[in-house]
Amino acid sequence: MAKLQNYGTGRRKSAVARVRLLPGKGDITVNGKKLDDYFGLEIVKREVRRPLAITGTEGKFDVIAKVQGGGTTGQAGALRHGISRALIQTDAELRPILKKAGFLTRDPRMKERKKYGLKKARKASQFSKR
């Protein structure tokens, strides 16, 4: 018998997280490692767990995620977004709680592209009158 799975894709900056939510006892696996092994900072780990904590589903689901691109904070934000989207698939009544917390909004801030004639996006070489 196949287990009931719910999927969610989360994005932040250049990080993308593909999340699977399975009924379980609350284990979070990121790229084949436990959450505590993958992310070093406690603040980042807490940020990933927040959608589960706010909705009161902390010990009910196992989270299996594949994350790529970006840095640690961007990946954690993408993971939070993906978990929130997957939770809505399990129970549509959780949507107002997650929406109010701001977990369903995709963070649109991206790195600005480099322009020609400049060293970086906005950094130019020093101006000299002579």
Side-chain angles (χ1 to χ4, degrees):
M1 188 175 108
K3 282 188 179 179
L4 184 69
Q5 293 186 4
N6 293 294
Y7 297 94
T9 305
R11 293 183 184 90
R12 182 172 191 271
K13 291 190 172 181
S14 58
V16 179
R18 292 175 295 163
V19 178
R20 273 183 12 204
L21 220 58
L22 306 157
K25 55 184 188 283
D27 295 332
I28 300 176
T29 311
V30 183
N31 290 353
K33 298 179 182 175
K34 290 198 184 278
L35 180 71
D36 296 329
D37 298 334
Y38 191 80
F39 291 116
L41 294 171
E42 192 60 42
I43 299 164
V44 176
K45 292 181 224 172
R46 198 176 313 127
E47 193 66 25
V48 171
R49 289 190 189 107
R50 274 186 68 199
L52 298 166
I54 283 178
T55 55
T57 54
E58 235 169 337
K60 296 178 183 175
F61 295 106
D62 286 344
V63 178
I64 299 165
K66 294 262 191 271
V67 188
Q68 58 194 93
T72 49
T73 313
Q75 286 186 352
L79 200 53
R80 183 185 78 177
H81 189 222
I83 291 169
S84 300
R85 282 179 154 188
L87 279 170
I88 287 176
Q89 285 188 349
T90 62
D91 186 9
E93 293 174 14
L94 299 174
R95 185 175 173 83
I97 300 164
L98 293 166
K99 185 82 172 160
K100 189 177 179 195
F103 294 162
L104 299 177
T105 309
R106 194 250 195 247
D107 194 348
R109 294 176 292 178
M110 300 287 281
K111 187 177 187 223
E112 199 173 326
R113 78 169 199 86
K114 183 196 173 297
K115 279 75 166 199
Y116 57 86
L118 301 180
K119 295 187 177 198
K120 289 176 18 181
R122 298 187 184 195
K123 183 181 180 181
S125 52
Q126 189 173 359
F127 176 74
S128 175
K129 203 169 192 177
R130 296 181 219 291

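The first residue in the sequence is number 1, and the count goes up from there.
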### Task
Hey, could you give me the CZ/CZ distance between Arg11 and Arg106, rounded to the nearest 0.5 Å?
7.0 Å
### Distance-minimising heavy-atom pair for Pro51 and Val48
CD-O, 3.3 Å
### Message
Could you measure the distance from the CD1 atom of Ile54 to the CD1 atom of Ile97? Nearest 0.5 Å is fine.
### Response
9.0 Å
### Query
Under a 4.5 Å side-chain heavy-atom rule over Ile, Leu, Val, Met, Phe, Trp and Tyr, are Leu94 and Ile28 clustered together?
yes
### Query
How far apart are the closest heavy atoms of Arg12 and Asp107, and which atoms are they?
NE-OD2, 3.0 Å
### Task
Step by step, work out the salt bridge (charged side-chain N to carboxylate O under 4.0 Å, His left out) result for Lys34 and Asp36.
CA-CA 5 Å; Lys34 290 198 184 278; Asp36 296 329; over 6 Å; no
### Query
Taking the side chain from Asn6 and the backbone from Ala86, do they hold a donor-acceptor pair closer than 3.5 Å?
no
### Task
Report yes if some heavy atom in the side chain of Arg95 is under 4.5 Å from a heavy atom in the side chain of Leu104; otherwise report no.
yes
### Message
Counting C-beta onward and ignoring hydrogens, is there a side-chain heavy-atom pair between Phe103 and Ile83 closer than 4.5 Å?
### Response
no
### Message
Are Leu21 and Val30 connected into the same hydrophobic cluster when the rule is that any two of I, L, V, M, F, W, Y join if their side-chain heavy atoms are below 4.5 Å apart?
### Response
yes
### Query
More than 12 non-hydrogen atoms from neighbouring residues, nucleotides or ligands closer than 6.0 Å to CZ on Arg49, yes or no?
yes
### Message
Does any part of the side chain of Arg18, heavy atoms only, come nearer than 4.5 Å to the side chain of Gln68, both counted from C-beta?
### Response
yes
### Message
Nearest 0.5 angstrom please: Thr105 OG1 to Lys99 NZ, how far?
### Response
5.0 Å
### Query
Would you say the side chain of Thr72 lies within less than 4.5 Å of the side chain of Leu41, judging by non-hydrogen atoms?
no
### Task
Give a yes or no on whether Glu93 atom CD has more than 12 heavy-atom contacts from other residues, nucleotides or ligands under 6.0 Å away.
no
### Query
Within the distance-only criterion (no hydrogens, no angle test), does the side chain of Glu58 pair as donor or acceptor with the backbone N or O of Gly26 below 3.5 angstrom?
no
### Query
Is the closest side-chain heavy-atom distance between Glu112 and Arg122 below 4.5 Å?
yes
### Query
Do you reckon Phe39 sits in the same ILVMFWY cluster as Ile64, going by side-chain contacts under 4.5 Å, direct or chained?
no
### Message
Is the shortest side-chain heavy-atom distance between Val63 and Leu52 below 4.5 Å?
### Response
yes
### Approximate separation, where rounding is to 0.5 Å, of Asp62 CG and Gln5 CD
11.0 Å
#### Entry: Check: Val67 main-chain N/O paired with Asn31 side-chain donor or acceptor under 3.5 Å
yes
### Message
Side-chain heavy atoms nearer than 4.5 Å, only ILVMFWY residues, links allowed to pass through others: does that put Leu79 and Leu22 together?
### Response
no
### Task
Determine whether more than 12 heavy atoms belonging to other residues, nucleotides or ligands lie under 6.0 Å from atom NZ of Lys13.
no
### Query
Got a second to check how far Gln75's CD is from Glu47's CD, nearest 0.5 Å?
14.0 Å
### Message
Show the nearest heavy-atom pair for residues Ala78 and Ala15, with the distance to one decimal.
### Response
CB-O, 3.8 Å
### Message
Tell me whether the count of non-hydrogen atoms from other residues, nucleotides or ligands lying under 6.0 Å of NZ in Lys114 goes above 12.
### Response
yes
### Task
Is it possible for you to say whether Val19 and Val44 belong to one hydrophobic cluster, with membership spreading through side-chain heavy-atom contacts below 4.5 Å?
yes
#### Entry: Exceeds 12 heavy-atom contacts within 6.0 angstrom, atom NZ of Lys115
yes
